[in-house]
Undergrad: 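Take this structure, written in C-alpha coordinates, and hold onto it; I'll ask about it next.
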Amino acid sequence: MLIDGDRFDETNLNRQLLSTEKNISQAKVEAARQRVQAVNSDVKLKIYAEWFDEENGAKFFKGVDLVMDALDTLSRRISLEKVCHKLNLPLVYAGVAGWFGLLGVSFPGDNSVARLFRGGESGAEKTTGNPAFGPAIIASLAVVEAVKVLIGRTIPLQKAWLQVDLLEMEFERFELI
(Lines give C-alpha, C1' and ligand atoms only; values in the text may rest on other atoms or scores of the structure.)
Protein backbone atom coordinates (compact mmCIF):
# COMPACT_ATOMS: atom_id res chain seq x y z
CA MET A 1 0.00 0.00 0.00
CA LEU A 2 1.26 3.47 -0.88
CA ILE A 3 -0.09 6.75 0.47
CA ASP A 4 1.01 10.10 -0.90
CA GLY A 5 -0.93 13.17 -1.91
CA ASP A 6 2.05 14.69 -3.69
CA ARG A 7 2.92 15.00 -7.36
CA PHE A 8 6.37 15.06 -8.89
CA ASP A 9 8.01 18.38 -9.63
CA GLU A 10 11.49 19.41 -10.78
CA THR A 11 12.88 19.42 -7.25
CA ASN A 12 12.33 15.66 -7.03
CA LEU A 13 14.50 14.77 -10.03
CA ASN A 14 17.81 14.57 -8.15
CA ARG A 15 16.69 12.38 -5.27
CA GLN A 16 13.56 10.37 -5.98
CA LEU A 17 14.09 7.22 -7.98
CA LEU A 18 10.68 7.29 -9.64
CA SER A 19 10.91 10.92 -10.69
CA THR A 20 11.67 11.66 -14.34
CA GLU A 21 11.28 14.66 -16.62
CA LYS A 22 8.43 12.81 -18.34
CA ASN A 23 6.35 12.34 -15.20
CA ILE A 24 6.55 15.86 -13.77
CA SER A 25 3.09 16.62 -12.29
CA GLN A 26 2.13 12.92 -12.11
CA ALA A 27 0.88 11.60 -8.78
CA LYS A 28 3.76 9.90 -6.98
CA VAL A 29 1.64 6.88 -6.05
CA GLU A 30 0.68 6.35 -9.68
CA ALA A 31 4.33 6.38 -10.77
CA ALA A 32 5.08 3.88 -8.02
CA ARG A 33 2.22 1.63 -9.15
CA GLN A 34 3.50 1.69 -12.73
CA ARG A 35 7.01 0.77 -11.62
CA VAL A 36 5.86 -2.08 -9.38
CA GLN A 37 3.63 -3.44 -12.13
CA ALA A 38 6.53 -3.27 -14.63
CA VAL A 39 8.70 -5.31 -12.26
CA ASN A 40 6.02 -7.84 -11.25
CA SER A 41 2.53 -7.65 -12.70
CA ASP A 42 1.21 -10.12 -10.08
CA VAL A 43 1.72 -7.66 -7.22
CA LYS A 44 -1.54 -6.22 -5.92
CA LEU A 45 -1.04 -2.69 -4.72
CA LYS A 46 -3.50 -0.27 -3.10
CA ILE A 47 -2.70 3.36 -3.64
CA TYR A 48 -4.13 6.44 -2.02
CA ALA A 49 -3.38 9.73 -3.76
CA GLU A 50 -4.09 11.73 -0.64
CA TRP A 51 -2.22 13.12 2.32
CA PHE A 52 -1.86 11.19 5.54
CA ASP A 53 -3.01 12.85 8.74
CA GLU A 54 -4.01 11.69 12.18
CA GLU A 55 -7.72 11.76 11.35
CA ASN A 56 -7.59 9.62 8.20
CA GLY A 57 -4.62 7.43 9.15
CA ALA A 58 -6.51 4.48 10.62
CA LYS A 59 -8.37 3.80 7.37
CA PHE A 60 -5.10 3.21 5.53
CA PHE A 61 -3.56 0.64 7.84
CA LYS A 62 -6.27 -2.00 8.28
CA GLY A 63 -4.76 -5.43 7.73
CA VAL A 64 -1.11 -4.35 7.53
CA ASP A 65 1.73 -5.74 9.62
CA LEU A 66 4.13 -2.80 9.50
CA VAL A 67 4.23 0.86 8.48
CA MET A 68 7.25 2.56 6.88
CA ASP A 69 7.59 6.31 7.04
CA ALA A 70 8.76 8.44 4.14
CA LEU A 71 7.29 11.69 5.41
CA ASP A 72 9.01 15.03 5.13
CA THR A 73 7.50 16.87 8.09
CA LEU A 74 8.15 16.12 11.72
CA SER A 75 4.59 16.83 12.86
CA ARG A 76 3.19 14.26 10.39
CA ARG A 77 5.83 11.74 11.47
CA ILE A 78 4.72 12.16 15.11
CA SER A 79 1.07 11.80 14.04
CA LEU A 80 1.97 8.65 12.11
CA GLU A 81 3.53 7.14 15.21
CA LYS A 82 0.38 7.93 17.23
CA VAL A 83 -1.84 6.21 14.66
CA CYS A 84 0.47 3.19 14.43
CA HIS A 85 0.50 2.78 18.19
CA LYS A 86 -3.28 3.03 18.43
CA LEU A 87 -3.47 0.22 15.87
CA ASN A 88 -0.70 -1.80 17.57
CA LEU A 89 1.60 -1.52 14.55
CA PRO A 90 5.38 -1.14 14.45
CA LEU A 91 6.74 1.85 12.56
CA VAL A 92 10.06 2.10 10.75
CA TYR A 93 10.93 5.79 10.50
CA ALA A 94 13.71 7.44 8.53
CA GLY A 95 14.83 10.89 7.53
CA VAL A 96 17.46 12.46 5.32
CA ALA A 97 19.07 15.90 5.35
CA GLY A 98 22.02 16.56 3.09
CA TRP A 99 24.78 14.02 3.73
CA PHE A 100 23.08 12.83 6.91
CA GLY A 101 20.30 10.43 7.75
CA LEU A 102 18.68 8.70 10.64
CA LEU A 103 16.40 5.76 11.16
CA GLY A 104 14.78 3.78 13.92
CA VAL A 105 11.92 1.48 14.81
CA SER A 106 9.04 2.43 17.09
CA PHE A 107 6.88 -0.28 18.61
CA PRO A 108 3.59 0.55 20.35
CA GLY A 109 4.35 2.26 23.63
CA ASP A 110 7.92 3.24 22.71
CA ASN A 111 7.00 6.75 21.51
CA SER A 112 10.46 6.92 19.94
CA VAL A 113 9.49 9.39 17.22
CA ALA A 114 7.78 11.79 19.61
CA ARG A 115 10.73 11.63 22.00
CA LEU A 116 13.33 12.09 19.27
CA PHE A 117 11.60 14.93 17.42
CA ARG A 118 9.71 16.63 20.27
CA GLY A 119 8.98 20.22 19.53
CA GLY A 120 10.66 20.26 16.13
CA GLU A 121 8.75 21.31 13.06
CA SER A 122 11.07 21.79 10.14
CA GLY A 123 13.76 19.40 9.09
CA ALA A 124 17.30 20.37 8.15
CA GLU A 125 16.75 19.20 4.57
CA LYS A 126 15.02 22.51 3.84
CA THR A 127 18.42 24.22 4.04
CA THR A 128 20.86 21.39 3.24
CA GLY A 129 19.11 19.78 0.29
CA ASN A 130 19.59 16.10 -0.43
CA PRO A 131 22.22 14.56 -2.71
CA ALA A 132 20.68 11.81 -4.83
CA PHE A 133 22.35 8.94 -2.99
CA GLY A 134 21.24 9.92 0.54
CA PRO A 135 17.58 8.93 0.36
CA ALA A 136 18.46 5.68 -1.45
CA ILE A 137 20.97 4.64 1.21
CA ILE A 138 18.72 5.49 4.15
CA ALA A 139 15.72 3.83 2.47
CA SER A 140 17.77 0.66 1.96
CA LEU A 141 18.72 0.62 5.64
CA ALA A 142 15.07 1.16 6.59
CA VAL A 143 14.08 -1.85 4.48
CA VAL A 144 16.64 -3.93 6.39
CA GLU A 145 14.95 -2.97 9.67
CA ALA A 146 11.48 -3.62 8.25
CA VAL A 147 12.45 -7.13 7.18
CA LYS A 148 13.86 -7.82 10.67
CA VAL A 149 10.54 -6.76 12.21
CA LEU A 150 8.53 -8.91 9.80
CA ILE A 151 10.61 -12.06 10.34
CA GLY A 152 10.84 -11.63 14.10
CA ARG A 153 14.54 -10.88 14.44
CA THR A 154 16.09 -8.77 17.18
CA ILE A 155 15.61 -5.07 16.46
CA PRO A 156 18.70 -3.10 17.52
CA LEU A 157 16.99 0.17 16.60
CA GLN A 158 14.01 -0.28 18.92
CA LYS A 159 14.13 2.57 21.45
CA ALA A 160 17.22 3.78 19.59
CA TRP A 161 18.16 5.43 16.34
CA LEU A 162 20.95 5.12 13.85
CA GLN A 163 22.60 8.34 12.77
CA VAL A 164 24.41 8.17 9.44
CA ASP A 165 27.08 10.63 8.31
CA LEU A 166 27.85 9.88 4.66
CA LEU A 167 30.56 12.56 4.47
CA GLU A 168 32.69 10.85 7.09
CA MET A 169 31.18 7.37 6.58
CA GLU A 170 30.24 7.17 10.24
CA PHE A 171 27.32 5.17 11.57
CA GLU A 172 26.42 5.72 15.21
CA ARG A 173 23.63 4.16 17.26
CA PHE A 174 22.02 6.20 20.05
CA GLU A 175 19.75 4.90 22.81
CA LEU A 176 16.51 6.68 23.62
CA ILE A 177 16.38 6.71 27.40
Undergrad: Within the side chain of R77, is there an N or O that forms a donor-acceptor pair under 3.5 Å with the backbone of A94?
TA: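 Such a contact is found between R77 side chain and A94 backbone.
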Undergrad: For D165 and W99, indicate whether the former's side chain and the latter's backbone hold a donor-acceptor pair under 3.5 Å.
TA: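 Not confirmed, D165 side chain does not pair with W99 backbone.
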Undergrad: So that I know where these two stand, are F117 and W161 an aromatic pair - ring centroids less than 6.0 Å apart?
TA: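 Ring-ring flag for F117/W161: false, centres at least 6.0 Å apart.
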Undergrad: Does E175, at its CD atom, have more than 12 non-hydrogen atoms belonging to other residues, nucleotides or ligands within less than 6.0 Å?
TA: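 Yes - once you tally the heavy atoms of other residues, nucleotides and ligands closer than 6.0 Å, there are more than 12.
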Undergrad: Answer yes or no: are there more than 12 heavy-atom neighbours, outside K148 itself, under 6.0 Å from its atom NZ?
TA: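 Yes, the 6.0 Å shell around NZ holds more than 12 heavy atoms from other groups.
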Undergrad: In plain terms, say whether R7 and E30 are close enough for a salt bridge, that is, a side-chain N and a carboxylate O under 4.0 Å apart.
TA: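 A salt bridge is absent here (no side-chain N lies under 4.0 Å from a carboxylate O).
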Undergrad: Take T20 and F8, measure what side-chain contact (heavy atoms from CB on, under 4.5 Å) needs, and give me the verdict at the end.
TA: CA-CA 8 Å; T20 67; F8 286 117; over 6 Å; no
Undergrad: Treating R173 as the side-chain partner and Q163 as the backbone partner, does any N or O pair qualify as donor plus acceptor under 3.5 Å?
TA: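 Side chain of R173 to backbone of Q163, a donor-acceptor pair under 3.5 Å: no, none is there.
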Undergrad: Shortest non-hydrogen contact from P131 to G98?
TA: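 Reported closest heavy-atom pair: CD-O, 3.2 Å.
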Undergrad: Does the D53 side chain pair with the main chain of N56, one donor and one acceptor, at a distance under 3.5 Å?
TA: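 It does hold such a pair.
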Undergrad: Checking R115 side chain against L176 main chain: does a donor-acceptor pair fall under 3.5 Å?
TA: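 Checked: pair present.
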Undergrad: Given side chains that start at C-beta, do those of V113 and L80 come closer than 4.5 Å, heavy atoms only?
TA: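 The answer is no, as the side chains (C-beta and beyond) never meet within the 4.5 Å cut-off.
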Undergrad: What closest approach, in Å, do N111 and S106 show between heavy atoms, and which atom pair accounts for it?
TA: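 Scanning both residues, the minimum pair turns out to be N-OG, 4.0 Å.
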Undergrad: Ignoring hydrogens and angles, tell me if any N or O in the side chain of S79 forms a donor-acceptor pair with the backbone of S75 under 3.5 Å.
TA: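 Judged by distance alone, yes, a pair lies under 3.5 Å.
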Undergrad: Check each of V92, L102, V149, L162 against L157 using the side-chain contact (heavy atoms from CB on, under 4.5 Å) test, and report the only one that passes.
TA: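 In the set V92, L102, V149, L162, the residue that makes a side-chain contact (heavy atoms from CB on, under 4.5 Å) with L157 is L162.
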Undergrad: Would you say E145's side chain and V105's backbone share a donor-acceptor pair under 3.5 angstrom?
TA: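 Absent.
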Undergrad: For a quick test of reading the model, state the closest non-hydrogen atom pair linking E81 to A114 and the distance between them.
TA: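 Smallest heavy-atom distance, with atoms named: OE1-N, 3.0 Å.
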Undergrad: Report the relative orientation of the aromatic rings in F52 and F61; use parallel for angles under 30°, tilted for 30 to 60°, perpendicular for over 60°.
TA: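 If you compare the ring of F52 with that of F61, the planes turn out tilted.
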Undergrad: Counting distance only, does the side-chain N/O of D9 pair as donor-acceptor with the main-chain N or O of T11 below 3.5 Å?
TA: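 Here the side-chain-to-backbone pair exists.
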